[in-house]
Peer 1: 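Take this structure first; my questions come after.
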2 protein chains.
Amino acid sequence: MATISDVAKLAGVSVSTVSRIINNKPHVSPRKAALVADAMTKLGYSPLQAARQMRGSGSQTIAVTVPYITNPFFSELVAAIERTADERSYKTVIVQTFGQKSHELNALEFLKTNQVDAVIMCAIENDWDLIKQYSQYGLIGVCNEYVADPDVLMVHADQESGMYAGTKYLLNRGYRKLAFCTGQQDIRFNDNIEDLNSDRYRGYLRALREFDLEPSVEWQFTDVSTIADGQRVLQRIASMKDRPDAVIAGSDQVAAGIIAEAQTLQLKVPQELAVLGFDDQPLSQVVAQPLTTIHQPIHEIGDAIANMVADELEGDTIDTRQVIMPLSVVVRQSVA
Amino acid sequence: MATISDVAKLAGVSVSTVSRIINNKPHVSPRKAALVADAMTKLGYSPLQAARQMRGSGSQTIAVTVPYITNPFFSELVAAIERTADERSYKTVIVQTFGQKSHELNALEFLKTNQVDAVIMCAIENDWDLIKQYSQYGLIGVCNEYVADPDVLMVHADQESGMYAGTKYLLNRGYRKLAFCTGQQDIRFNDNIEDLNSDRYRGYLRALREFDLEPSVEWQFTDVSTIADGQRVLQRIASMKDRPDAVIAGSDQVAAGIIAEAQTLQLKVPQELAVLGFDDQPLSQVVAQPLTTIHQPIHEIGDAIANMVADELEGDTIDTRQVIMPLSVVVRQSVA
DNA sequence: TTGTAGGCGTTATCAC
DNA sequence: GTGATAACGCCTACAA
């Protein structure tokens, strides 16, 4: 493990000169620069991160928080972010929160201790007021989440319009008895809350009301997010006397579970029950009835936030700090 | 940011006493210990990693390398490892290699610079001889890969037997014209190589030979690993004059792609073409014909390697350094 | 049992 | 343009 003074010694200069060159600061003669560059490669030298961190220098590293990396939506998102970060020569560390505030705080602590220059939050567990305090230690970007703060770098899709379009599509096709699934624990909707799920619910309501319909409490399913959850949803639907004629799954995972279980229970999709997915993941093409779903531009979202964060880190002026990506319905076969 | 000397000052003791308490070393009076504990919580103090790293102390962090986090097999594996590491109070950082040697080396460099105490490699890109050199800086565990070195901590599934069982199952059901898919670039099989793919191929051959069959070069597909790859495989099969009657997909992803494309091309599974998956992921239950596949105990594998690594880090003596998990065929509907 | 002092590798400040 | 030197926060001999 060569150190900076090893390099200095070999190049016949002082450590400060080497340091200047490493961090390409001015006031260095080309001659010595060459000498040092030579010594560095000869020794295979690279600066020790830990020492830099102690000095409070940058780490060229970005942390990304996600709830669960096993959720394909997030693994794709992380992959996109990491790919772009890589191009900009930033390293990436992935932090799973498992929906726990403490894990999220761990990631934020990285900022405090200079382990990372920025954190991109693809899920938010703690109150924003708490999180915001960490921005004195480094940059915080928000991705796929909502924060009512015009200063933060934020990229997300237009969930309201997306869900509105999806619901409208079902309505236009003649469906009237719509079931609604959400990943959240309970539908705590109110007009003041700005978050992904409320936004989706808002879009759902807007479409419904255009048809003078009200949401049915009976047909609302909360806390569903996996394939297995989808299977359970369909079982409950199948056992109802008054069944919905369509179900808004909230994710392709859930939609896939619903369709698979429908198949085993011999319930015909879309004839007896239409299923609308969300995300448009590869999965949506391989289920028994390929999913009509709402396409999310995951890679564009990831690229955008990563580039914005990198820009800000490099001191570039950023014109728009918040970008909202459009969502659109992809028609396949799970809706008639 | 409270430092150790802030704590010392507040507690009215010296920094060394605080340090001893933090690292629960002997020779501390309970009275002072209480004082210090008090001061620590009052200040919200936590030791700065960077400073510890510079001293060469442990980081309580384990790096995990995977080729692509978007591959559900690996995201599940990582999740299992992280969960167990978390229980043992180790932090985890995920490093994607993207199949590139340089990215893998990055993870290994973490060892050198004390950023992590251990790295668990779930994919191996570089030569083992090169990798092994890094074990002077920290612990290296191997997961889901093969290394001919009795000293290394290693956990993987018995791919040979798994593939043998799967192939045998097809053979026993009367299939004789077996196609074979693999994720590797080309089938460079030889008896000396010990790796996951060779091992699988070995199992495939063993079963074939029991039926006096030879592998068909015509029906071997290399470099296939995604759903889209699977779709392409089916297209090629569909266009053949002499078609296989069964295909060993190598992964559930590929199997799902094959089945989806078969559906659009109106080719009946399993009547006209049987499909055997590998992994037994949730996906395998939602395709048009639920997959007959080979179950991999992903969580057990992840738990095992994480526990072994944690044990070794904590100086426990380890009885068996290599564990091989059994694989078994799960019968569903993609094979008649 | 406790405290003091030195050093880990780097960068920034100050002289020259 | 260049080079000493003092921090950064922590741990560990060594001394008391």
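So that the names make sense, note that chain A is the first sequence line, chain B the second, and so on, each numbered from 1.
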Peer 1: Can you tell me which nucleotide in C:dT4, D:dT2, C:dA12 comes closest to the side chain of B:Val15?
Peer 2: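 Out of C:dT4, D:dT2, C:dA12, the nucleotide with an atom closest to B:Val15's side chain is C:dT4.
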Peer 1: Starting from C1' on D:dC10, measure out to CG on B:Asn114 and report it in whole angstrom.
Peer 2: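 Distance check: B:Asn114 CG to D:dC10 C1' gives 13 Å.
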Peer 1: Would you kindly give the NZ-to-C1' distance between A:Lys9 and D:dA4, to the nearest whole Å?
Peer 2: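 Answer to the nearest Å: 15 Å.
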Peer 1: Is the centre of the B:Tyr68 ring less than 6.0 Å from the centre of the B:Phe98 ring?
Peer 2: yes
Peer 1: Can you tell me which residue among B:Ile318, B:Asn307, B:Thr317, B:Asp117 is in a side chain to side chain contact (heavy atoms under 4.5 Å, CB included) with B:Glu312?
Peer 2: B:Ile318
Peer 1: With nearest nucleotide decided by heavy atoms, which residue, A:Lys25 or A:Met1, maps closer to the 5′ end of DNA chain C?
Peer 2: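 Mapping each residue to its closest nucleotide by heavy atoms, the 5'-most match is A:Met1.
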Peer 1: Sort me out a list of protein N/O and nucleotides 13-16 of chain C N/O pairs below 3.5 Å, or just none if empty.
Peer 2:
none

Peer 1: Looking only at the side chains, is there a donor atom on one of A:Ser19 and A:Ser16 sitting less than 3.5 Å from an acceptor on the other?
Peer 2: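 No pair is found: no donor N or O on one side chain lies under 3.5 Å from an acceptor on the other.
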Peer 1: Should the heavy atoms of other residues, nucleotides or ligands under 6.0 Å from NZ of B:Lys9 be counted, would the total exceed 12?
Peer 2: no
Peer 1: Under 4.0 Å: is that the gap between some side-chain N or O of A:Thr17 and OP1 or OP2 of D:dT2?
Peer 2: no
Peer 1: Could you give the NE2-to-P distance, from B:His27 to D:dC11, as a whole number of Å?
Peer 2: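 B:His27 atom NE2 is separated from D:dC11 atom P by 17 Å.
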Peer 1: Give the rounded distance in Å between these two atoms: CD1 of A:Ile22 and C1' of C:dA12.
Peer 2: 14 Å
Peer 1: Rounded to whole Å, how long is the line connecting atom CG of A:Asn24 with atom C1' of C:dT10?
Peer 2: 16 Å
Peer 1: Between B:Glu82 and B:Lys91, is there a salt bridge with N-O shorter than 4.0 Å?
Peer 2: no
Peer 1: For the residue pair A:Tyr146 and A:Asp199, confirm or rule out a side-chain donor-acceptor distance under 3.5 Å.
Peer 2: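 Yes.
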Peer 1: We want to know whether B:Glu76 and B:His299 form a side-chain donor-acceptor pair, criterion being a heavy-atom distance below 3.5 angstrom.
Peer 2: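 Yes.
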Peer 1: With respect to the phosphate group of D:dG9, does any side-chain polar atom (N or O) of B:Thr3 fall under 4.0 Å of OP1 or OP2?
Peer 2: no
Peer 1: Is it true that A:Asp149 and A:Lys132 have a side-chain N and a carboxylate O under 4.0 angstrom from each other?
Peer 2: yes
Peer 1: Could you list by number each residue of residues 31-57 of chain A showing a heavy-atom separation from DNA chain D of less than 4.0 Å, or answer none if no residue does?
Peer 2: A:Lys32, A:Met54, A:Arg55
Peer 1: How about B:Tyr134 and B:Glu109: does a side-chain donor come under 3.5 Å of a side-chain acceptor?
Peer 2: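 Side-chain D/A pair, B:Tyr134 to B:Glu109: present.
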